[in-house]
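First the proteins, then the strands, lettered A, B, ... as listed; each starts at 1.
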Amino acid sequence: MLKSDKMSPQLPKQFNHKEIEPKIYKMWEEKGLFMATRDPKKIPYTIVLPPPNASGRMHTGNVLMVAIEDLLIRWKRMKGYSALWLPGTDHAGFETQVTYERELKKQGKSRFDFDRETLYNNIWEFVQQNKGIIEDQLKKMGASVDWSRYTFTLDPHVIKTVHATFKKMHDDGLIYRDNYIVNFSPKDGTTFADLEVKTEERNDPFYYVRYPLLDRKDGEVEFVVCATVRPEPIFIDTHLAVNPSDESKKWLIGRQVSNPLTGATMNIIADSFVDPAFGTGVVKLTPAHDKNDFDVARRHNLPILTAIDMRGKVLNIPEAGELAGLYVTKARKKAVEILQAKGFIEKIDEKYVHGVSVSYKGGDIEPMVLPNWFVKVETLKKPALDAVLNGDITIYPKWREVTYTQWMEEMRDWPISRQVVWGIRIPVWYSAKENPELVVSFLSADGKVLNGTLGDLLKDHNFAEIKNGLQTLIAPKNAKYVISSEDPKLSDSTAEDFLPETDTFDTWFSSGQWPLVTLHYPDSEDFNYFYPTSVLETGWEIIRFWVSRMIMFGIYLTGKSPFKDVYLHGIVKALDGKKMSKSLGNVINPEEYQEQYGTDALRMGLISGTANGKDFAFPKDKVIAFRNFANKLWNMTRFMFMLEESSGVVVPEYSDVVLARGNDADRKIVGELHKLVGEIDTELEKYRFGEAGDKIYHFMWDSLAASYIEHIKDRQDKDVALSIFRYVFKNCLKLLHPFMPFVTEELWGYMKSDDEAELVVNEWPQV
RNA sequence: GGGCUCAUAGCUCAGUUGGUUAGAGCGCUGCAUUCACAUUGCAGAGGUCUCAGGUUCGAGUCCUGAUGGGCCCACCA
């Protein structure tokens with residue numbers, strides 16, 4: 001194809017990313033170039049996009065993630081794979097509900113003003129309004145995702161699959177109900193996942209409480225002393241504990257003391273969790289309100305008795321005495337008064353500083369024992385661990401592997417219930433007739449929030465009113481239930497009345513099935529062709545929560561690991577090298593850089609900043625350097641057209657014949673290019689993105705621009721030199737395209753002949 | 001307490017299985033501008049690779065220890 005019969009294009013002096021990027025993305029999208037086909041002659045290459053929060057915005061970590069995944073996908077697509085990048089967004093249950101409730105608060109309302117269904121629908125609307133933001137941002141980033149295969153975690157087919165998985169696990173005996181100690185915040189009125197709980201340093205008095213020793217022998221102390229910051233639930237305590245290897249306390253094991261508040265008899269047990277060096281080396285056990293104590297109680301089969309209710313008040317029971325009905329802080333004061341009056345306070349350390357659990361909304365956590373749905377992980381975790389150990393799955397970088405293996409070894413049963421509305425409801429229904437002891441909270445017909453057991457409430461309210469106004473429900477551990485997505489009454493009108501479980505699944509329960517649901521498991525052609533996926537790319541901080549669950553679900557449901565490789569990128573820190581945080585005011589908004597320097601520069605800068613999965617400071621210098629690089633490419637092209645025009649030569653299509661007419665410089669640059677192609681492939685196979693990027697950068701700038709172009713200026717046979725330049729440059733555009741898709745595609749448009757495909761779907765250079 | 005990770009140029013970092021004069025980007029110094037790009041070009045300065053031992057013909061790279069950062073997990077009765 002000869003170019004001389006056309007006017008050479010007149011390029012502006014600089015690469016204008018703001019103008020060109022949207023134009024290019026639109027072209028890709030309209031031509032459907034990201035759509036993957038199930039071509040039996042091709043090898044599939046699949047990546048699932050870790051779904052960002054549907055109502056959120058992209059942060060720097062998301063940008064890095066998109067840059068890396070798009071690089072991999074574009075590279076493999078050009079190499080001839082059937083490359084599919086599956087997009088989607090996550091409902092982000094808790095996070096979104098909190099955001100929505102903040103909006104409600106501005107309107108002077110709260111979630112208690114709505115029944116469950118209305119609240120859900122309102123949040124749905126809220127999310128729909130904001131959903132476009134993240135999709136726009138993905139497009140601006142140049143993400144070559146297949147939009148025709150977009151999934152939202154609350155799509156009907158996702159819910160269907162998640163429900164089916166729950167049912168199957170239940171049938172396989174992997175789901176059970178049990179009471180479990182959860183992070184409950186009386187102030188926020190809900191439980192929080194461990195992730196959502198932060199520890200806050202606080203100064204509280206540390207009380208050394210005397211427990212009178214029973215059956216005291218000669219020479220023995222009168223009191224066993226135990227230090228605590230919270231004496232108020234002592235009235236319910238039944239046991240103290242010491243460390244069995246603590247010689248000075250050994251004699252206490254099996255002995256009894258009397259409860260300093262109630263006078264009831266308490267036993268002293270041994271458990272190695274007790275730190276002999278801390279406090280007095282004696283621990284009081286309050287299993288219903290302390291995670292450790294709960295675990296100890298489980299191990300030793302101790303009673304788990306509740307002292308505090310969900311409003312944060314001491315229970316109104318006889319044992320509570322004067323404390324009954326008081327809020328925790330008041331009850332604590334009262335308890336201290338009583339103990340002091342009895343002479344049971346040995347001393348008070350006023351300067352004690354300790355960690356207190358606080359929800360990230362700010363409410364104090366009152367650990368509580370509530371019924372929960374659990375996944376039994378014993379049989380699931382072994383194959384998931386083995387998949388990594390035996391090499392079915394390779395984790396990059398290698399040193400992160402231990403994070404995974406340790407977690408899988410230690411993994412305990414997984415509580416999957418969350419008391420938030422925004423999520424996939426656990427598909428369980430409770431018969432009203434069989435479960436009068438259900439604790440129900442509902443919005444009555446006249447707009448009041450009422451609580452109580454179902455049996456009691458039905459005395460004054462009819463069932464329809466309760467069901468329509470239902471907010472939350474707590475079913476005792478042994479409640480009778482049926483598993484069904486729909487109200488069982490819908491399929492059998494003669495059936496009894498049912499109330500739905502109001503708990504939703506932990507988001508990791510649904511996102512753990514992401515590789516499956518995005519491919520429409522179990523019975524779709526996509527699933528048959530594209531599963532297992534090729535590489536799972538994400539930040540290392542969610543390896544435990546997400547990666548481990550996907551591997552477990554994938555193997556459990558399909559018998560195959562859901563992906564072959566896991567690439568874990570590092571966290572992008574602020575310019576000062578510290579973790580980005582709102583309070584430090586060092587959060588980087590990637591859009592500012594994108595706006596100023598262009599998407600290509602932002603992508604390449606980030607990718608070049610890390611290649612080994614380590615955390616790294618936002619590489620501002622590199623972003624600027626690659627903005628300059630984009631402009632360099634632009635001007636290389638511009639200059640080539642000017643030379644072609646001014647020299648007036650006919651530039652022949654590159655071939656071995658042309659090269660044979662050339663000189664040593666020609667052969668050298670072509671040779672270097674061919675070597676480069678091999679090197680790029682090698683680096684990318686090893687996920688060494690930064691190295692690969694640097695090599696193209698230096699070849700194009702140093703060898704091609706600084707050296708070869710200067711050389712062309714002196715050439716008499718400009719036709720040969722320009723032909724070789726075109727050949728080398730076009731191949732460089734290909735190599736660079738996965739890194740900097742916009743500028744390369746735009747320049748390709750000027751360089752390509754009419755019968756050549758767009759760069760995004762063009763062929764990767766071969767040596 | 002357990003685990004991971006880092007320490008290389010003024011700054012941010014690369015350096016893959018140990019192999020000749022240790023690299024990049026930015027910054028810095030000097031020079032250059034009608035003739036693609038100042039988002040440019042040319043030239044240059046700048047490092048006893050944290051410290052102490054060890055293995056080796058050979059160590060920035062491997063081993064041991066120390067010091068100082070960062071992160072994760074557990075715990076704080």
Contact under 4.0 Å: K614(A) side-chain N or O vs A14(B) OP1/OP2: yes
N/O donor-acceptor pair under 3.5 Å between E745(A) side chain and I24(A) backbone: no
Selected nucleotide, minimal atom distance to D621(A) side chain, candidates G25(B), C4(B), A36(B): G25(B)
Identified side chain to side chain contact (heavy atoms under 4.5 Å, CB included) partner of V743(A) from the options F629(A), F15(A), W748(A): F15(A)
Whole-angstrom distance between U8(B) and G44(B), as gauged at atom P: 26 Å
Interatomic distance where CD1 belongs to I543(A) and C1' belongs to G3(B) [whole Å]: 14 Å
W399(A) side-chain proximity, nearest of C4(B), G25(B), A77(B): C4(B)
Euclidean distance for C1', A24(B) against G19(B) (whole angstrom): 22 Å
Distance, rounded to the nearest Å, where K686(A) contributes NZ and G15(B) contributes P: 11 Å
Span that lies between the P atom of U56(B) and that of U61(B), in whole angstrom: 16 Å
Parallel, tilted or perpendicular, as decided by the 30° and 60° cut-offs, for the rings of Y687(A) and Y567(A): parallel
Interatomic distance, D204(A) CG vs C76(B) C1' [rounded to whole Å]: 13 Å
Watson-Crick and G-U pairing of RNA chain B written in dot-bracket, each distance under 3.5 angstrom, with | for inter-strand partners: (((((((..((((.....[...)))).(((((.......))))).....(((((..]....))))))))))))....
Carboxylate-amine/guanidinium proximity below 4.0 Å for E410(A) and R544(A): no
Donor-acceptor pair, side chain of N259(A) and main chain of M266(A), under 3.5 angstrom: no
Sugar-phosphate, base or nothing in reach of Y597(A), heavy atoms under 4.0 Å: nothing
Between C26(B) (C1') and F618(A) (CZ): distance, integer Å: 14 Å
Selected nucleotide, minimal atom distance to K579(A) side chain, candidates C71(B), C26(B), A77(B): C71(B)
Side-chain N,O (H698(A)) to OP1/OP2 (A24(B)) below 4.0 Å: no
H289(A) side chain vs I308(A) backbone, donor-acceptor pair below 3.5 Å: yes
Sugar-phosphate, base or nothing in reach of V274(A), heavy atoms under 4.0 Å: base
Separation between the C1' atoms of G47(B) and U21(B), rounded to whole Å: 14 Å
Y593(A)-F618(A) aromatic ring centre distance below 6.0 Å: yes
Separation of atom NZ in K398(A) from atom C1' in C4(B), rounded to whole Å: 14 Å
Parallel, tilted or perpendicular: ring planes of Y708(A) versus F725(A), cut at 30 and 60 degrees: parallel
d(CZ, F273(A); C1', A77(B)) in whole Å: 6 Å
Sugar-phosphate only, base, or nothing, as touched by W540(A) at under 4.0 Å among non-hydrogen atoms: sugar-phosphate
N or O in side chain of Y352(A) less than 4.0 angstrom from A77(B) OP1/OP2: yes
Touch class at under 4.0 angstrom, heavy-atom based, for E710(A) against every strand present: base
Pair K675(A) + E672(A): basic N to acidic O under 4.0 Å: no
Residue pair R603(A), F626(A): steps toward the side chain to side chain contact (heavy atoms under 4.5 Å, CB included) verdict: CA-CA 9 Å; R603(A) 287 174 52 143; F626(A) 286 111; over 6 Å; no
Flag, side chain of D719(A) to backbone of V651(A), donor-acceptor distance under 3.5 Å: no
Atom-to-atom span, CD of E644(A) to P of A36(B) - whole angstrom: 16 Å
Which nucleotide in A36(B), U16(B), C76(B) has an atom nearest any side-chain atom of R688(A): U16(B)
Spacing of the C1' atoms in C6(B) and C49(B) (rounded, Å): 14 Å
Atom pair distance, as rounded to whole Å: NZ in K291(A) and P in C76(B): 11 Å
Rounded C1' spacing from G60(B) to C73(B) in Å: 31 Å
Sugar-phosphate, base or nothing in reach of D275(A), heavy atoms under 4.0 Å: base
Closest nucleotide among C4(B), U16(B), A14(B) to the E691(A) side chain: A14(B)
Distance, C1' atom - from G10(B) to U17(B), rounded to whole angstrom: 34 Å
Whichever of D295(A) and Q406(A) has its nearest RNA chain B nucleotide further upstream toward 5': Q406(A)
Interatomic distance at C1', U20(B) relative to C13(B), whole Å: 25 Å
Touch class at under 4.0 angstrom, heavy-atom based, for R400(A) against every strand present: nothing
Touch class at under 4.0 angstrom, heavy-atom based, for I571(A) against every strand present: nothing
Cationic N near anionic O, under 4.0 Å, K381(A) to E409(A): no
Annotated protein contacts, base or backbone, on nucleotides 38-45 of chain B with a non-hydrogen cut-off under 4.0 Å, one of B, S, - each: -BSSS---
